[in-house]
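A note on names: the letters A, B, ... follow the listed sequences, proteins ahead of strands, and every chain is numbered from 1.
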Amino acid sequence: MESITPARVRFAPSPTGRMHLGSARTALYNYLLAQRTGGQFILRLEDTDVNRFVEGSEEELMHGLRWLGLQWDEGLDVGGPYGPYRQSERKEIYLEYARKLVDSGHAYACFCSKERLDGVRQEQMKRKESLHYDGTCRNLSKETAGRRITDGEPYVIRFKTPRDGSISSHDALRGEIIVENKNIDDYVLVKSDGWALYHLAAMVDDHLMKITHVIRGSEWLSTFPLHVHIVRAFGWEEPEWVHLSVFLKPSGKGKMSKRDAADALDSGYSIFITDLEKLGYIPEGVLNWILLMGWGIAEGEFMTLPEMVQKFDIDRVNPSPAAIDFAKLDYFSGAHIRNLTNEDVSSRVKPYFEKAGYQVDDRKMIQIIPILRERLVTLDDALFFAGFFFKDDIEPALADLIGKNLTAAESAKIVQRSGEILASLDEITPELAEPPMRLMVDELGLKAGQVFGILRVAVTGQAISPPLFESMEIIGKTKVLERLKKAIEILASGTE
RNA sequence: GCCCCCAUCGUCUAGUGGCCCAGGACGUGGCCCUCUCAAGGCCAAAACAGGGGUUCGAGUCCCCUUGGGGGCACCA
């Protein structure tokens with residue numbers, strides 16, 4: 001590997017909603033680059049717009065990142081030498097830099113009212129022109145502007161984008177991007193209430209926080225040239241720009257909408273990180289899944305976070321939009337569960353049982369894991385496959401207890417006979433129980449599936465379960481015989 | 001409408017001019033294993049959007065068309 005300089009990267013979300021897959025991937029790629037280069041991963045909050053603040057979103061964000069294992073080195077909650085890391089606490093800083101821009105002639109005060117601007121846009125729309133500021137205040141003299149400000153007139157500060165020529169800069173995934181200056185609006189940098197907008201705030205912070213790589217969503221691609229103008233107006237060095245693509249809905253037609261998010265939830269999936277946690281997906285699986293949505297490797301896609309750090313290369317990220325495929329999430333989730341130790345699976349599964357009201361015995365749980373783990377796609381699935389281990393009573397349905405091509409009476413007899421065989425054993429283990437049971441199956445001229453199917457329902461209460469004899473061993477001889485007795489009673493009620 | 005970006009199997013992707021009659025993964029189908037469900041093993045079907053160039057040679061470079069996506073706020 002060539003010598004690399006430590007990257008300082010930032011994940012800078014705004015507390016305006018829930019943390020979704022797209023944010024998670026952006027955070028992951030940032031994290032990976034920082035780790036790989038021995039740099040810092042910074043978490044900054046872009047909360048300059050109080051109107052869009054959503055209660056609890058900041059907590060959800062930090063929880064989500066930590067759940068995924070993407071701990072930041074600097075920023076919210078942990079602090080650092082370049083704070084504060086909350087933009088709402090940096091208002092004066094932005095104002096100071098906005099003034100510099102005005103003084104150097106790169107920005108100007110604009111007194112146009114919102115109403116007038118709306119009218120201008122209407123006109124432009126009618127004439128089918130591009131929507132942009134018409135430049136009314138662009139060339140106001142410093143004196144005029146100064147007087148109107150002291151008169152108390154409300155104003156915003158706009159960037160004075162050059163009218164002629166073009167600007168070009170480099171995006172790591174797309175190469176050179178050239179845009180005509182006439183297509184770049186005189187964007188508002190500071191609102192009339194004195195709060196800076198993203199365009200200014202982010203550039204100032206990235207510079208002050210010594211960010212080397214700006215990795216963000218492609219929604220910023222269209223204002224990217226503006227940002228380059230701002231950075232250059234200050235005379236600062238540009239960071240490496242990396243614009244990630246967006247995620248498309250599973251059909252590949254358009255980005256995820258509220259409606260699509262609801263549909264996903266209906267089918268047991270979600271695009272929100274904390275939902276995924278609730279559903280029982282494991283962070284390793286989620287990480288592996290989103291890693292590969294926009295970046296690929298020739299072979300060996302199964303990776304844990306440390307392996308991702310080794311293999312990931314930000315420059316090889318794919319610039320095209322990617323459709324979300326939940327089936328692949330299921331695969332990675334299950335695969336990563338199978339990659340965990342039994343102890344780890346046990347401790348991760350436990351909270352899901354407890355939340356469902358089960359009393360969990362740790363020793364029993366660790367016995368169950370080996371026969372349970374390969375059946376899990378989510379940790380929550382454990383409830384279905386292993387719930388009966390922790391129930392005092394199960395309620396098998398009569399219909400389920402009747403074996404394939406058998407009557408209730410015949411089934412009862414089989415359970416009876418099985419009970420006798422199992423009762424004669426010192427204990428029920430697969431080694432001790434399976435041979436005599438198979439012998440019985442042969443003597444009765446039946447199929448193993450018929451007999452074991454009945455017993456499965458009798459012992460577990462369900463038609464699908466972990467292997468029968470292994471399950472019996474964990475349940476214990478006494479309880480198994482009790483359940484068989486009960487099954488005979490249920491079957492008897494069906495013979496009358 | 002205007003601006004910008006993108007384009008390899010159903011999906012995510014490998015591919016940086018000859019190693020590609022295109023590789024991997026998920027999903028799908030078949031077989032094996034099997035007490036159910038899984039897991040696992042083997043096999044199979046499945047793609048360079050279309051058209052022009054450049055070149056001895058193009059999935060790879062250029063142009064156009066088409067399709068898709070993003071943006072056009074005193075939001076981020």
I'd like to compare against my own output: the B/S/- annotation of nucleotides 22-36 of chain B with a strict under-4.0 Å heavy-atom distance to protein. -BBBB--------BB
Please give the nucleotide sitting opposite B:G1 as a Watson-Crick or G-U wobble pair, both distances under 3.5 Å, or none. B:C72
Roughly how many Å is it from CG in A:D400 to P in B:C37, rounded to a whole number? 14 Å
Does a salt bridge link A:D381 with A:R375, judged by any charged N lying under 4.0 Å from a carboxylate O? no
Could you tell me the Watson-Crick or G-U partner of B:C42, where both distances fall under 3.5 Å? Say none if there is no partner. B:G30
Lys/Arg-Asp/Glu bridge criterion (N-O < 4.0 Å) met for A:D134, A:R116: yes
Separation of A:N339 atom CG from B:G40 atom P, in whole Å? 12 Å
Rounded to the Å, how far apart are A:D313 CG and B:U13 C1'? 15 Å
Along nucleotides 70-76 of chain B, 5' to 3', which nucleotides get a B, which get an S, and which get a -, given that the test is a protein heavy-atom distance under 4.0 Å? BSSSBBB
Less than 4.0 Å between a side-chain N and a carboxylate O, is that true for A:D442 and A:R438? no
Rounded to whole Å, how long is the line connecting atom CD of A:E374 with atom P of B:G41? 13 Å
Considering only NZ, NE, NH1 and NH2 on the basic side and carboxylate oxygens on the acidic side, decide whether A:D205 and A:R90 come within less than 4.0 Å. yes
Expressed in whole Å, how much space separates the P atoms belonging to B:C6 and B:U60? 15 Å
Under 3.5 Å, is there a donor on one side chain and an acceptor on the other for A:D260 and A:S257? yes
Are A:R44 and A:Y85 in a cation-pi contact, defined as NZ or CZ under 6.0 Å from the six-membered ring centre and within 45° of the axis? no
For B:C64 versus B:C56, give the span between their P atoms, rounded off to a whole number of Å. 24 Å
Does B:A7 have a Watson-Crick or wobble mate here (both distances under 3.5 Å), and if so which one? B:U66
So, A:E96 and A:K91, do they make that salt bridge, N to O below 4.0 Å? no
Rounding to an integer number of angstrom, what distance separates B:C26 and B:G41 when you compare their P atoms? 9 Å
Between B:C2 (P) and A:E123 (CD): distance, integer Å: 18 Å
Atom P, compared across B:C9 and B:C5: separation rounded to whole Å: 23 Å
Validate the cation-pi geometry between A:R158 and A:Y133: distance from NZ or CZ to the six-membered ring centre under 6.0 Å, angle to the ring axis within 45°. yes
Go through the structure and list residues passing side-chain contact (heavy atoms from CB on, under 4.5 Å) with A:A261, not counting sequence neighbours. A:I271, A:F272
Using atom P in both nucleotides, what's the gap between B:A25 and B:A39 to the nearest angstrom? 15 Å
With both distances kept under 3.5 Å, what pairs with B:C37, Watson-Crick or G-U wobble? none
For atom P, what is the distance between B:G10 and B:U28, given to the nearest Å? 16 Å
B:U11 C1' sits how many Å from A:Y269 OH, rounded? 13 Å
P-based separation of B:A14 from B:G23 [nearest Å]: 15 Å
Quick one: label A:K253 by what it contacts on the DNA or RNA (base, sugar-phosphate, nothing), any heavy atom closer than 4.0 Å. sugar-phosphate
Separation of atom CG in A:L292 from atom P in B:U13, rounded to whole Å: 8 Å
What I want to find out is whether A:R86 reaches A:E58 closely enough, with some N-O distance under 4.0 Å, to be called a salt bridge. yes
Salt bridge or not between A:D118 and A:R121? Use side-chain N to carboxylate O under 4.0 Å. yes
Classify the nucleic acid contact of A:G294 as base, sugar-phosphate or nothing, counting any heavy atom under 4.0 Å across all strands shown. sugar-phosphate
Rounded distance in Å - CZ (A:R174) to C1' (B:G69): 10 Å
Taking B:C12 as the reference, what is the distance to B:G17 when you measure between their P atoms (whole Å, please)? 25 Å
